[in-house]
Amino acid sequence: VDYNKTKMMATSELEQFWANVKGQAIAKELSEFYSKYEGQSWKNIISIGDSDFERLGTRDAIYRYLKTKGLSDQQASVDQSVPVEITGQTLKVRSKTFKLVDEPTVEELGSEMALLTAWLVS
């Protein structure tokens, strides 16, 4: 018998499950991007998505990254992000998340793209 565990989860559990999945994918991409040279650390992260999964996943990926660097729970909190010096290197991750409209129409998608383009250029 094959049970679909996601169908048995409460809404909050389901949200956390997909946020974790998204967070793992985001962490993988960030690790690859920020490994171009020795000692490079995560710095500036922009997350754009149409669900809370991207936002929650990005926050979780950053939290887990900072924890692997030896920061306490409070220091690793995305809400309390302050520069911390570790082995002579200042570590501060800056992040911005953009939550877009769920299931946008073509017109809404066009408007979102125009806004994002304007914001990112300035």
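All residue numbers refer to positions in the sequence shown, counting from 1. Values below: every heavy atom of this structure, side chains too, minus hydrogens, waters and symmetry copies.
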Any side-chain heavy atom of [X] sitting closer than 4.5 Å to one from [Y]?
X    : Y   : result
E103 : D50 : no
Q24  : K22 : no
T97  : I48 : no

* To do: Show the numbers, then the answer: is there a side chain to side chain contact (heavy atoms under 4.5 Å, CB included) between E112 and V101?
  => CA-CA 8 Å; E112 289 176 335; V101 175; 3.1 Å; yes

What pair of heavy atoms forms the shortest contact from [X] to [Y], and how long is it?
X    : Y    : answer
S51  : D102 : CA-OD1, 4.1 Å
Y34  : Q40  : C-OE1, 3.3 Å
I26  : G57  : CD1-C, 4.1 Å
L109 : P104 : N-CB, 4.0 Å
A61  : G23  : CB-O, 3.6 Å

Worksheet item: Is it true that the side chains of N20 and Q16 contain a donor and an acceptor less than 3.5 Å apart?
Response: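 Indeed, the side chains of N20 and Q16 share at least one donor-acceptor pair under 3.5 Å.
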
| field | Intermediate values then yes/no, side chain to side chain contact (heavy atoms under 4.5 Å, CB included), D52 and E15 | value | CA-CA 8 Å; D52 286 330; E15 182 177 79; 4.0 Å; yes

What distance do S41 atom OG and K69 atom NZ have between them, rounded to the nearest 0.5 Å?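 The NZ atom of K69 is 7.5 Å from OG of S41, to the nearest 0.5 Å.
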
Rounded to the nearest 0.5 Å, what's the gap from NZ on K43 to CZ on R94? Could you check?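 If we round to the nearest 0.5 Å, K43:NZ and R94:CZ are 8.5 Å apart.
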
- Task: List in chain and number order the residues that pass side chain to side chain donor-acceptor pair (under 3.5 Å) with E85, two or more places apart in sequence or in another chain; answer none if no residue qualifies.
- Result: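 Side chain to side chain donor-acceptor pair (under 3.5 Å) list for E85, sorted by chain: empty.
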
I'd like to know if I45 and L56 are part of one continuous hydrophobic network [Ile/Leu/Val/Met/Phe/Trp/Tyr, side-chain heavy atoms within less than 4.5 Å].
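Shared cluster, no.
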
Q.
Side-chain heavy atoms nearer than 4.5 Å, only ILVMFWY residues, links allowed to pass through others: does that put M113 and L115 together?
A.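 No, M113 does not connect to L115 through the hydrophobic network.
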
>> Looking at E108 and T105, would you say the former's side chain and the latter's main chain have a donor-acceptor pair under 3.5 Å?
In response: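 Side chain of E108 to backbone of T105, a donor-acceptor pair under 3.5 Å: yes, one is there.
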
Quick one: do L120 and I46 satisfy side chain to side chain contact (heavy atoms under 4.5 Å, CB included)? Show the steps, please. CA-CA 10 Å; L120 293 174; I46 298 174; 3.9 Å; yes

Reference residue S47; test side chain to side chain contact (heavy atoms under 4.5 Å, CB included); the match among E54, K96, K99, R59: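 Result for side chain to side chain contact (heavy atoms under 4.5 Å, CB included) with S47: E54.
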
Kindly say whether the aromatic ring centers of W119 and F98 come within a distance under 6.0 Å.
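Aromatic pair counts; centres sit under 6.0 Å.
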
Q | Stepwise side chain to side chain contact (heavy atoms under 4.5 Å, CB included) check, L100 with L116 | A | CA-CA 10 Å; L100 304 176; L116 281 172; 4.0 Å; yes

Note to self: Within a 6.0 Å radius of atom NZ on K28, are there more than 12 heavy atoms belonging to other residues, nucleotides or ligands?
What the structure shows: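 Atom NZ in K28 is not crowded, with 12 or fewer foreign heavy atoms closer than 6.0 Å.
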
Considering residues at least two apart in sequence or located in another chain, which fulfil the side-chain contact (heavy atoms from CB on, under 4.5 Å) criterion with E29?
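Residues passing side-chain contact (heavy atoms from CB on, under 4.5 Å) with E29: E32.
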
Any residue meeting ring-ring contact (aromatic ring centres under 6.0 Å, His included) with Y63, in chain and number order, not counting sequence neighbours |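 Y63 satisfies ring-ring contact (aromatic ring centres under 6.0 Å, His included) with no residue once adjacent residues are dropped.
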
For D73, is there an ion pair with K67 - N to carboxylate O distance below 4.0 angstrom?
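Result for this pair is yes, salt bridge flagged.
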
query = Between W42 and Y65, what is the ring plane arrangement, given parallel below 30°, perpendicular above 60°, and tilted in between?
reply =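 Geometry flag for Y65 against W42: parallel rings.
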
